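Data block below; observations after.
Reminder, nothing fancy here: chain letters follow the sequence lines and each chain counts from 1. Here the structure is a predicted model, which means the values were calculated and not measured.
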Amino acid sequence: MPSLQDLRRRVRAVKNMRQITKAMKMVAAARLRRAQERVTAARPYTTKMMQILGDAARRAPELRDPLLTGHQREAGELGAGNKERVILAVVTADKGLCGAFNTNLLKATQDFLRQNADKEVELVLIGRKAADFFRRRPVNTRREHLGITGSGKVSAADATRIGQALVEDYKSTETPVDRVYLLYSEFKSALSQQPVIEQLLPIGRIETAETASETLVDYVYEQPAAQIFSELLPKLIENQIYHALLESVASELGSRMTAMDSATKNAGEVVDKLTLTMNRVRQAKITREIIEVVSGAEAL
Amino acid sequence: MADKLNLEVITPERLVLREAVDEVVIPGLGGELGILPEHTPLISQLQTGILVYRKGAERQQMHVSGGFAEVGPDRVSVLSDVAEKPEEIDAERAQRARERAEKRLSSRGEDTDFQRAELKLQRALIRIQLADKG
């Protein structure tokens with residue numbers, strides 16, 4: 001049986017912990033709201049860009065940009081010994097204490113590596129947690145981007161930097177990459193986040209699903225449509241990455257909020273249980289003392 | 001017949017401006033483009049420069065860098081990487097950026113990325129120009 005003193009100390013310790021987890025939960029909740037606002041604020045840009053891109057694509061349907069259709073490989077170039085090259089960009093958090101958030105993403109990464117064991121996969125790690133995890137494992141890491149989501153604020157400039165580097169990798173003449181994937185956590189709700197893998201490059205088809213009334217405006221192009229097109233494609237990638245980063249931050253905060261909420265609840269339960277034991281121990285001590293006094297008096 | 005232009009300035013991060021204006025001058029890649037209501041639909045790339053918009057007799061300026069503009073009869077949508085109003089510009093920071101960029105351009109090292117330094121210098125100069133007026 002622990003002594004009364006020990007129990008008191010433990011109750012105090014758990015109460016302190018509860019205070020911290022509670023504070024973390026509230027901070028996460030406040031930041032989550034801002035993160036969601038940021039996701040909404042980024043939407044007009046994406047919509048507009050897709051609209052211009054869709055129009056340019058319609059204007060020049062014969063456009064062949066490697067970013068769009070993939071590299072034109074000679075037959076047989078992908079023969080024996082020449083494996084397909086793939087880059088997987090993984091977005092994790094910089095910090096922990098957010099439940100299974102990072103674990104889920106890292107698991108998804110390892111699943112991807114297993115499924116694509118026949119290809120040459122390189123990783124681009126965004127977020128300290130992914131970097132720490134894979135540093136001691138036998139994987140090919142191409143690049144690490146650290147400290148981007150740490151403050152809870154993502155700047156579009158960071159996304160641009162990551163995007164430009166990926167496009168360069170993809171276009172590289174020495175070691176062209178065939179496909180680029182992006183793995184990040186999709187924000188469904190504060191309670192549910194889902195790791196998703198998207199193919200970034202090649203882009204494939206541009207979806208032209210606008211409203212019918214706006215479809216056929218006869219734009220005058222100041223620059224050739226092809227030039228605008230090739231200028232826009234990398235921007236599309238950058239925007240996708242920016243979006244993924246925002247979603248990831250929102251997911252992280254949502255995950256942290258739930259994790260800290262249950263931690264706070266658990267701490268509360270522990271406090272209750274400990275308090276009960278403590279009271280019992282105290283009562284037992286009092287009873288023992290009374291018995292001692294009574295039996296002492298009887299002995300006289 | 002539209003007599004106003006709906007000007008929208010959008011960056012990847014947010015909608016910077018949405019206002020009904022009478023005239024817009026955008027820094028197109030091939031030179032400045034003055035837009036009045038009922039303009040032909042047009043799409044143009046932008047360069048780093050100053051976007052001017054007029055509402056009645058009141059003229060406002062804004063720094064934009066890169067991106068696109070889409071013009072319709074009653075609207076101008078500007079998609080830019082950077083968009084700042086004069087009051088949002090940190091003049092001191094721009095001054096420092098200018099000095100850095102100039103130093104980099106004059107040092108002519110092996111691995112200097114001239115294009116990037118040049119772009120930075122251009123941005124800094126425009127920021128300074130705008131901040132001085134504002």
If you count every heavy atom of other residues, nucleotides or ligands that lies below 6.0 Å from B/Lys4 atom NZ, does the total exceed 12?
yes
By a 4.5 Å heavy-atom criterion (distance strictly below it), what part of A/Thr160 contacts chain B: side chain, backbone, both, or neither?
neither
Side chain from CB out, backbone as N, CA, C, O: work out which of these in A/Leu246 comes under 4.5 Å of a heavy atom of chain B, or both, or neither.
neither
Taking the side chain as everything from C-beta on, heavy atoms only, tell me whether [X] gets closer than 4.5 Å to [Y].
| X | Y | result |
| --- | --- | --- |
| B/Leu42 | A/Tyr219 | no |
| A/Tyr242 | B/Glu13 | yes |
| A/Lys48 | B/Glu70 | yes |
| B/Asp81 | A/Lys235 | yes |
| B/Leu33 | A/Glu222 | yes |
| B/Ile43 | A/Ile52 | yes |

Note: A/Ala156 and B/Pro12 closest approach over all heavy atoms is CB-CB, 3.8 Å
Option in B/Ser44, B/Gly67, B/Gly66 with maximal non-hydrogen atom pairs under 4.5 Å from chain A
B/Ser44
Return the set of residues passing ring pair (Phe, Tyr, Trp, His ring centres under 6.0 Å) with B/Tyr53 (not counting sequence neighbours), or none when no residue passes.
none
Nearest 0.5 angstrom please: A/Tyr45 OH to B/Ser77 OG, how far?
12.5 Å
Rounded to the nearest 0.5 Å, how far does CG of B/Leu15 lie from OG1 of A/Thr40?
12.5 Å
Is it the case that A/Gln227 and B/Gln45 place a side-chain donor and acceptor less than 3.5 Å from each other?
yes
